[in-house]
Amino acid sequence: MTSSLTTNWGINLFFIAHRSFIEAGGWLRLAGVSTTGMRTLHIVGLDEILDIRDTREEALSG
């Protein structure tokens, strides 16, 4: 069972990491996100911000 505090912390971590990488000239891509994970990212709007790919290979190729 995942607590809402843990979920909120994880969501904030993705947002902060994404922003930090972009500011440093880099990027953050997620790959192979589960259906439940995608649903959570969609609910909080991170699916519109993060670069999410189906596979690791797609994420690495840009």
Side-chain angles (χ1 to χ4, degrees):
M1 178 181 231
T2 303
S3 73
S4 61
L5 178 61
T6 303
T7 302
N8 288 338
W9 183 85
I11 290 167
N12 285 329
L13 180 62
F14 278 126
F15 179 75
I16 291 167
H18 170 72
R19 186 178 60 198
S20 296
F21 288 134
I22 295 297
E23 288 173 357
W27 48 266
L28 173 67
R29 293 185 186 116
L30 302 180
V33 179
S34 70
T35 303
T36 303
M38 281 300 299
R39 186 173 29 238
T40 301
L41 293 172
H42 177 72
I43 289 169
V44 299
L46 281 177
D47 62 327
E48 298 291 325
I49 297 170
L50 299 175
D51 188 356
I52 304 171
R53 307 295 176 101
D54 290 331
T55 67
R56 179 178 182 264
E57 291 75 23
E58 290 174 11
L60 292 173
S61 69

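Residue numbers run from 1 in the order of the sequence given.
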Flag the pair Val44 / Phe15 as yes when at least one side-chain heavy-atom distance between them is below 4.5 Å, and no otherwise.
no
Among Ile52, Asp51, Leu50, which residue meets the side-chain contact (heavy atoms from CB on, under 4.5 Å) test with Arg29?
Asp51
Would you say Leu41 and Leu30 make side-chain contact, with heavy atoms under 4.5 Å?
yes
Run the side-chain contact (heavy atoms from CB on, under 4.5 Å) check on Glu23 and Arg19 step by step: do they pass?
CA-CA 6 Å; Glu23 288 173 357; Arg19 186 178 60 198; 3.4 Å; yes
Any donor-acceptor pair under 3.5 Å from Arg53 side chain to Ala59 backbone:
no
Where do Leu28 and Phe21 come nearest, in terms of heavy atoms and distance?
CB-CD1, 3.7 Å
Distance col, row Thr40:OG1 vs Leu46:CG, nearest 0.5 angstrom, shows 10.0 Å
Output all residues satisfying side chain to side chain contact (heavy atoms under 4.5 Å, CB included) with Ser34, sequence neighbours left out; order by chain, then residue number.
Thr36
Taken to the nearest 0.5 Å, the spacing of Ile43 CD1 from Ile11 CD1 works out to 8.5 Å
